[in-house]
Chemist: 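After the structure tokens below, expect a handful of questions from me.
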Amino acid sequence: MGNTLHLAASRVQIIAAENTWLEGKAIQQLETTAQLPDMVSVVGLPDLHPGRGYPVGAAFFSHSRFYPALIGNDIGCGMALWRTDLTLNKWSLDKLEKRLGSIDNPLQAEELPDDIPEHFCYSPGTIGGGNHFAELQQLDEIYQPEMLETWQLSKQQLLLLVHSGSRGLGQVILEQHVREHGHNGLIASSPEAQSYLQQHQQALDYACFNRQLIAERMLKRWRAHGSCLFDVSHNLLTPYTIGNVDGWLHRKGATPSDQGAVIIPGSRGDYSYLVQPLASDRSLFSLAHGAGRKWMRGECKARLTGRYNAEQLSRTAFGSRVICLDKQLIFQEAPEAYKPIGGVMDAMLQAGLVKLIARLKPVLTYKTRGNKE
DNA sequence: ATGTAC
């Protein structure tokens, strides 16, 4: 191949600004992943951070073989943004919080449509743990008013953002895969690959359906109505042709830039940005999926415990509220544990990957009502 | 990340 040298030089790309801070371990993981057999190129996005062996906030392009372990257990995890008819004039924060109650218990069979696939049964209607959340947001700054007209969105209307995935289903799929194939990946033409792709699709479908269940469940508690503006996954595998290579695009915490408008959320105490992606092969058609962790989960409590208690962490600088009765989790998910979203956006703007549509700020975040020490 | 493994 005539362009081997060029390929070798550009096998690992990182989208970053001068002030983007990236953990060394994450870059190391990115470089290690780039060495996997049949890997063509990898891109670290500005929210790149270490994961279990492989980094999060990255896209990986391979040919003839793909790696389910790169997608991880939460196949189909993503963001759904809903327009609602809720306004802060109609409902106080107190009332919204009270009326929402708990959505920690899975919906029962009788609360679900009866024509759904059998595997849509893993804790339906629940958001799960970790960085998952459901959040009411309010428009704060508008850069492209015409986009909001297209969505028939006024400044008073609250938006509902749901970040969740395929719950136990993706976990079962990955576990079975790793048991049988370890981390060697699958030859794309093999029957095993076809089988994984079929299960992967089921997980994508379930994750999307689950986000809809969550949104509808919340709106019902508020006696409100809404409609989904978009639903985009950031953990998925897609067949793709890039630079004349027919291969496989793995996105792990990487938001697609080829599916229309998307949202890049900050931490629960930071802004979120609605953006119009400008698709680019330089970023493997991907964007950051959020702010990216700054601190490891295990160290958050010790780092913050002298400054805040759990109660204080349930209120943010925006005056928004975070419903999270799990004491460990609220420290792990504190705004300080994440990078500021501004820097992530700067890196993507400088790289010409996005055009801003609007800035949103949090109003009420749901994590869990499960009371845990 | 996970109807969590010990």
Side-chain angles (χ1 to χ4, degrees), chain A residues 25-26 29 33 47-58 60 67-80 102-109 111-112 116-134 162-179 183 196 199-200 202-204 206-211 213-214 217 232-237 250-255 265 267-268 288-293 295-300 324 326-333 337-338 366-373:
Chain A
K25 189 180 172 189
Q29 287 183 337
T33 309
D47 61 335
L48 184 78
H49 59 278
R52 295 193 125 198
Y54 312 109
V56 182
F60 316 94
Y67 295 89
L70 290 183
I71 307 302
N73 62 326
D74 200 3
I75 304 161
C77 183
M79 304 278 174
S102 169
I103 54 166
D104 290 346
N105 289 329
L107 293 167
Q108 299 299 299
E111 301 172 276
L112 296 165
I116 58 173
E118 219 175 303
H119 54 269
F120 281 21
C121 61
Y122 293 83
S123 316
T126 65
I127 63 174
N131 58 359
H132 291 173
F133 64 85
V162 179
H163 176 203
S164 186
S166 55
R167 312 293 283 103
L169 177 58
Q171 170 85 348
V172 165
I173 295 169
L174 180 68
E175 260 173 23
Q176 186 206 327
H177 167 78
V178 171
R179 210 181 310 123
H183 286 236
Y196 173 79
Q199 295 179 85
H200 167 273
Q202 291 179 343
L204 293 193
Y206 178 56
C208 178
F209 177 66
N210 190 42
R211 287 186 287 270
L213 288 177
I214 293 162
R217 182 182 200 182
V232 178
S233 172
H234 48 235
N235 287 353
L236 75 164
L237 177 67
H250 309 66
R251 292 185 177 103
K252 172 62 170 181
T255 298
S267 71
R268 298 313 99 238
H289 79 312
R293 289 202 77 79
W295 297 342
M296 287 194 303
R297 291 191 173 276
E299 64 186 14
C300 298
C324 182
D326 179 329
K327 299 273 190 328
Q328 295 297 328
L329 187 59
I330 200 164
F331 281 96
Q332 292 172 11
E333 293 292 302
Y338 285 86
Y366 188 90
K367 296 286 290 182
T368 176
R369 292 253 191 216
N371 207 325
K372 268 193 242 163
E373 278 309 312

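Note that these values count all heavy atoms, side chains included, but never hydrogens, waters or copies made by symmetry. Each chain gets a letter, A, B and so on, in the order the sequences are listed, and its residues count up from 1.
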Chemist: Counting the atoms with a prime plus P, OP1 and OP2 as sugar-phosphate, which does A:Gly128 contact under 4.0 Å by heavy atoms, base, sugar-phosphate, or nothing?
Modeler: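 Sugar-phosphate, no base atom in range.
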Chemist: Without decimals, in angstroms, what is the distance between A:Lys367 NZ and B:dT2 P?
Modeler: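 So the NZ-P distance, A:Lys367 to B:dT2, works out to 10 Å.
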Chemist: In whole angstrom, what separates A:Lys372's NZ from B:dT2's C1'?
Modeler: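 About 11 Å, once rounded to whole Å.
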Chemist: Expressed as a whole number of angstroms, how long is the span from A:Arg167:CZ to B:dT4:C1'?
Modeler: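 Computing the A:Arg167:CZ to B:dT4:C1' distance gives 11 Å.
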Chemist: In this structure, how many angstroms lie between the C1' atom of B:dT2 and the CD1 atom of A:Ile127, rounded?
Modeler: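 A:Ile127 atom CD1 is separated from B:dT2 atom C1' by 14 Å.
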Chemist: A:Asp326 CG to B:dT2 P: how many Å, rounded?
Modeler: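 Distance check: A:Asp326 CG to B:dT2 P gives 13 Å.
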Chemist: Look at the aromatic rings of A:His234 and A:His163 and report parallel, tilted or perpendicular, splitting at 30° and 60°.
Modeler: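 Geometry flag for A:His163 against A:His234: perpendicular rings.
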Chemist: How about A:Tyr54 and A:His183: are their ring centres within less than 6.0 Å of each other?
Modeler: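 So the answer is yes for these two rings.
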Chemist: Just checking, is any N or O donor in the side chain of A:Gln171 or A:Glu175 under 3.5 Å from an acceptor N or O on the other one?
Modeler: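 Side chains of A:Gln171 and A:Glu175: pair found under 3.5 Å.
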Chemist: Between P on B:dG3 and OH on A:Tyr206, what's the gap in Å once rounded to a whole number?
Modeler: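 Computing the A:Tyr206:OH to B:dG3:P distance gives 9 Å.
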Chemist: Grab the OH-P distance between A:Tyr122 and B:dT2 for me, whole Å please.
Modeler: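 Going from A:Tyr122 (OH) to B:dT2 (P), I get 14 Å.
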Chemist: Give A:Gly72 one of three labels, base, sugar-phosphate or nothing, depending on what nucleic acid heavy atoms sit under 4.0 Å from its own.
Modeler: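 Contact class for A:Gly72: none.
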Chemist: What is the distance from CD of A:Gln332 to P of B:dT2, rounded to the nearest Å?
Modeler: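 A:Gln332 atom CD is separated from B:dT2 atom P by 13 Å.
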Chemist: Centroid separation under 6.0 Å, is that true for the rings of A:Phe209 and A:Phe120?
Modeler: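 Between A:Phe120 and A:Phe209, the centre distance is under 6.0 Å.
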